[in-house]
S.K.: 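Below are the structure tokens for one structure; questions will follow.
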Protein chains: 2
Amino acid sequence: MGRAVTEPMSKQDIDSLMKPVVDLWQERRTREGSSDAVYGTLREAILSKALTPGPQLAEEDLARVFGVSRTPIREAILRLETERLVERSSGRRVAVARISPAEILEIYDVRVALDGVAAELATQRATPPDIAQLRWINEKMIASGQAGDYAGVSALSLDFHDWIAKASGNGFLLSQIRVVHDRVRRFERTTLQHPGRLGSAAEEHERLLDAIASGDVDRATSLARAHMLNAKKIRLAMAETPPD
Amino acid sequence: MGRAVTEPMSKQDIDSLMKPVVDLWQERRTREGSSDAVYGTLREAILSKALTPGPQLAEEDLARVFGVSRTPIREAILRLETERLVERSSGRRVAVARISPAEILEIYDVRVALDGVAAELATQRATPPDIAQLRWINEKMIASGQAGDYAGVSALSLDFHDWIAKASGNGFLLSQIRVVHDRVRRFERTTLQHPGRLGSAAEEHERLLDAIASGDVDRATSLARAHMLNAKKIRLAMAETPPD
DNA sequence: ACTGCGTGCTTTGTATACAGCGGAGTTCGA
DNA sequence: TCGAACTCCGCTGTATACAAAGCACGCAGT
């Protein structure tokens with residue numbers, strides 16, 4: 001069942017753990033207020049998996065590491081909690097939120113629905129520059145794959161779908177899709193690491209792009225949905241074979 | 001163009017405006033911390049339209065009204081801001097967020113997608129008690145309509161769709177749908193106020209229920225989507241005839 | 001009369017002090 | 001030896017004090 005609820009951690013540990021985080025922070029601090037800067041720094045650290053679930057984050061420790069008082073730290077944590085990026089465990093202690101395997105699968109049902117309607121709307125509203133940008137992103141994704149850069153691959157895949165959401169012209173839909181993407185970024189593994197998936201995903205992207213470019217709304221919608229259903233299938237397969 | 005950016009407001013005005021809000025507050029305060037209680041109270045006040053966009057909320061005024069220090073007020077506002085229930089206008093002043101007519105329409109595209117997949121999943125997983133509960137909600141909605149209680153009608157309509165989302169068994173989907181419902185609650189008018197809509201909506205609910213009960217996944221999905229598309233059409237029609 | 005700058009006030013942002021709650025470890029009793 | 005209660009410590013929650021930034025108003029100069 002893993003480790004105990006409270007994980008002991010020396011101040012040394014925290015310092016070394018937060019080291020890369022604090023680097024980004026130094027730069028932000030100049031142009032943003034402390035609270036906003038701490039929030040942005042911690043948020044990006046969690047999304048980029050520099051901070052992972054497990055160790056508990058004590059306000060005073062964070063305050064010391066960032067060199068500010070507890071107040072901006074509290075405000076940052078509160079916002080992160082509202083976004084479910086951190087969660088309060090026992091007591092009132094806070095930790096980076098865990099993502100359950102069940103939730104990972106759940107998210108794909110939502111992605112099928114949202115990316116479907118995004119493709120539908122984007123097909124009606126996408127401009128030639130949108131198409132060109134999407135092609136460029138997809139090609140760059142393939143190139144990153146050939147270079148073995150899987151972090152780049154998954155980022156570009158999300159960029160691809162983010163751009164379709166933008167092209168949909170529906171700001172609310174875009175914001176909802178970004179909530180989903182912020183979850184996906186935190187997954188330990190990517191479906192694109194699965195053998196052969198990068199190739200099939202890139203191909204599906206291309207076919208989707210063709211449908212969008214040709215204005216075929218129904219085909220674009222069903223291809224987008226099928227694309228995400230395939231991703232869900234890969235997830236199910238990956239669940240059988242743990243990362244070891 | 002409405003009024004100036006800064007709207008003058010005497011302390012008297014704020015007191016009377018917040019009066020009904022503070023009543024709910026008195027009760028919450030006993031069992032929750034100040035910050036949580038203020039957050040919950042303000043949140044419910046905004047969702048129930050007791051607090052509407054326009055007047056600016058100064059931290060010190062709120063602190064005085066609630067009888068706490070600025071700290072819990074700040075924390076509550078920060079959380080509301082993350083949920084986009086309040087927004088910072090010029091300076092750093094905060095006000096209840098406005099909802100644009102364009103966003104209202106945008107939301108229905110998302111509802112079509114999310115309620116579609118919710119119905120799809122619910123059809124596969126709903127239990128007889130779920131069906132019974134849904135029938136009961138729909139009947140109560142009709143009764144409220146006959147009693148002229150339109151606030152009750154729209155609340156029950158949201159309950160209906162919320163219950164389907166719960167029955168889907170997908171917690172992430174449920175949370176996303178609730179984000180949407182929290183927006184819908186803030187709309188000034190309901191599609192169900194539109195002449196004849198309450199009847200057709202109740203009927204659509206019933207047909208959707210039949211499909212869910214009979215396990216017809218495709219039919220349930222398409223009925224749920226059609227239901228929301230109809231709601232969007234009503235919205236478009238309502239946009240032509242302003243509330244005056 | 002209008003524009004530009006400067007000054008003062010109001011409001012927000014940050015730090016610090018204090019109170020209260022929960023947990024861990026210890027000690028006493030059976 | 002095991003269990004239960006108690007005590008102490010650390011952390012969070014709230015209040016308050018202080019710093020800084022924005023806005024409005026007024027004044028002066030053109």
Side-chain angles (χ1 to χ4, degrees), chain A residues 3-14 18 25-26 28-42 55-82 86-97, chain B residues 3-14 18 25-26 28-42 54-82 86-96:
Chain A
R3 305 169 62 172
V5 176
T6 54
E7 308 200 6
M9 176 174 259
S10 75
K11 299 203 182 301
Q12 291 284 349
D13 288 339
I14 294 171
M18 297 297 291
W25 148 258
Q26 292 298 354
R28 275 182 186 265
R29 182 173 197 173
T30 60
R31 59 170 195 275
E32 291 177 334
S34 295
S35 179
D36 292 340
V38 171
Y39 166 70
T41 304
L42 284 178
Q56 312 234 338
L57 305 172
E59 293 175 2
E60 242 172 271
D61 292 333
L62 291 174
R64 189 174 42 76
V65 170
F66 282 99
V68 297
S69 77
R70 273 178 56 213
T71 308
I73 301 290
R74 277 184 69 83
E75 298 191 343
I77 287 177
L78 229 67
R79 287 197 260 181
L80 295 171
E81 190 186 359
T82 307
V86 302
E87 62 192 1
R88 300 204 177 272
S89 40
S90 68
R92 305 291 299 166
R93 283 190 184 78
V94 80
V96 176
Chain B
R3 305 167 63 173
V5 177
T6 54
E7 308 198 6
M9 175 174 258
S10 75
K11 299 204 183 299
Q12 291 285 347
D13 287 339
I14 293 172
M18 298 296 291
W25 149 257
Q26 293 298 355
R28 275 183 186 266
R29 183 174 196 174
T30 60
R31 58 171 196 273
E32 291 177 333
S34 297
S35 179
D36 292 340
V38 171
Y39 166 71
T41 304
L42 285 178
Q56 313 237 338
L57 305 172
E59 292 175 3
E60 226 169 307
D61 291 335
L62 290 174
R64 188 175 42 76
V65 170
F66 282 98
V68 297
S69 76
R70 274 178 54 215
T71 308
I73 301 289
R74 277 183 69 83
E75 297 191 343
I77 287 176
L78 229 67
R79 287 197 260 180
L80 295 171
E81 190 186 0
T82 308
V86 303
E87 61 192 359
R88 300 206 176 271
S89 42
S90 71
R92 304 291 298 167
R93 282 190 184 79
V94 80
V96 177

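Reckoned from all heavy atoms, side chains included, excluding hydrogens, waters and symmetry mates. Each chain gets a letter, A, B and so on, in the order its sequence line appears, and its residues count up from 1.
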S.K.: Rounded to whole Å, please give me the gap between CZ in B/Arg93 and C1' in D/dA24.
M.R.: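 Nearest whole value for this atom pair: 10 Å.
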
S.K.: Work out which heavy atom in B/Ala76 is nearest to a heavy atom in B/Ser35; give both atom names and the distance.
M.R.: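 B/Ala76 and B/Ser35 have their closest heavy atoms at CB-O, 4.2 Å.
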
S.K.: Under the criterion salt bridge (Lys or Arg N to Asp or Glu O under 4.0 Å), I'd like the reasoning laid out for B/Arg79 against B/Asp36: C-alpha separation, chi angles, the key distance, then a yes or no.
M.R.: CA-CA 10 Å; B/Arg79 287 197 260 180; B/Asp36 292 340; 2.7 Å; yes

S.K.: How many whole angstroms separate atom OH of A/Tyr39 from atom C1' of C/dG13?
M.R.: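 Rounded to whole Å, this separation is 18 Å.
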
S.K.: Please find the pair of heavy atoms, one from B/Val86 and one from B/Ile77, that lie closest to each other, and give the distance.
M.R.: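 The answer is CG2-O, 3.8 Å.
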
S.K.: Which atom pair, heavy atoms only, marks the closest approach of A/Ser34 to A/Trp25?
M.R.: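 Smallest heavy-atom distance, with atoms named: O-CZ3, 4.0 Å.
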
S.K.: Compute the bend angle of the helix from C/dA1-D/dT30 to C/dA30-D/dT1 from the end axes (five pairs per end), rounded to 10°.
M.R.: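 Its terminal axes enclose an angle near 0°.
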
S.K.: Provide, to the nearest angstrom, the distance between the CD atom belonging to B/Glu81 and the P atom belonging to C/dT12.
M.R.: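 Those two atoms, CD and P, are 12 Å apart.
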
S.K.: For B/Arg70 and B/Glu60, what are the C-alpha separation, side-chain angles and deciding distance, and is it a salt bridge (Lys or Arg N to Asp or Glu O under 4.0 Å)?
M.R.: CA-CA 6 Å; B/Arg70 274 178 54 215; B/Glu60 226 169 307; 5.5 Å; no

S.K.: Grab the two heavy atoms, one from B/Phe66 and one from B/Met18, that are nearest each other, plus how far apart they are.
M.R.: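 Closest heavy-atom pair between B/Phe66 and B/Met18: CE1-CE, 3.8 Å.
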
S.K.: Which residues pass the side-chain contact (heavy atoms from CB on, under 4.5 Å) test with A/Gln26, sequence neighbours left out?
M.R.: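 Applying side-chain contact (heavy atoms from CB on, under 4.5 Å) to A/Gln26 gives A/Val22.
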
S.K.: For nucleotides 13-15 of chain D, tabulate all protein N/O to nucleotide N/O atom pairs closer than 3.5 Å, reporting atom names and distance.
M.R.:
residue : atom : partner : partner atom : Å
D/dG13  : OP1  : A/Arg92 : NE           : 2.9
D/dG13  : OP2  : A/Arg74 : NH1          : 2.9
D/dG13  : OP2  : A/Arg74 : NH2          : 3.3
D/dG13  : N7   : A/Arg70 : NH2          : 2.9
D/dG13  : O6   : A/Arg70 : NH1          : 3.0
D/dT14  : OP1  : B/Ser34 : N            : 2.4
D/dT14  : OP1  : B/Ser35 : N            : 3.4
D/dA15  : OP2  : B/Ser69 : N            : 2.8
D/dA15  : OP2  : B/Ser69 : OG           : 2.8
D/dA15  : O5'  : B/Ser69 : OG           : 3.4
D/dA15  : N7   : B/Thr71 : OG1          : 2.8

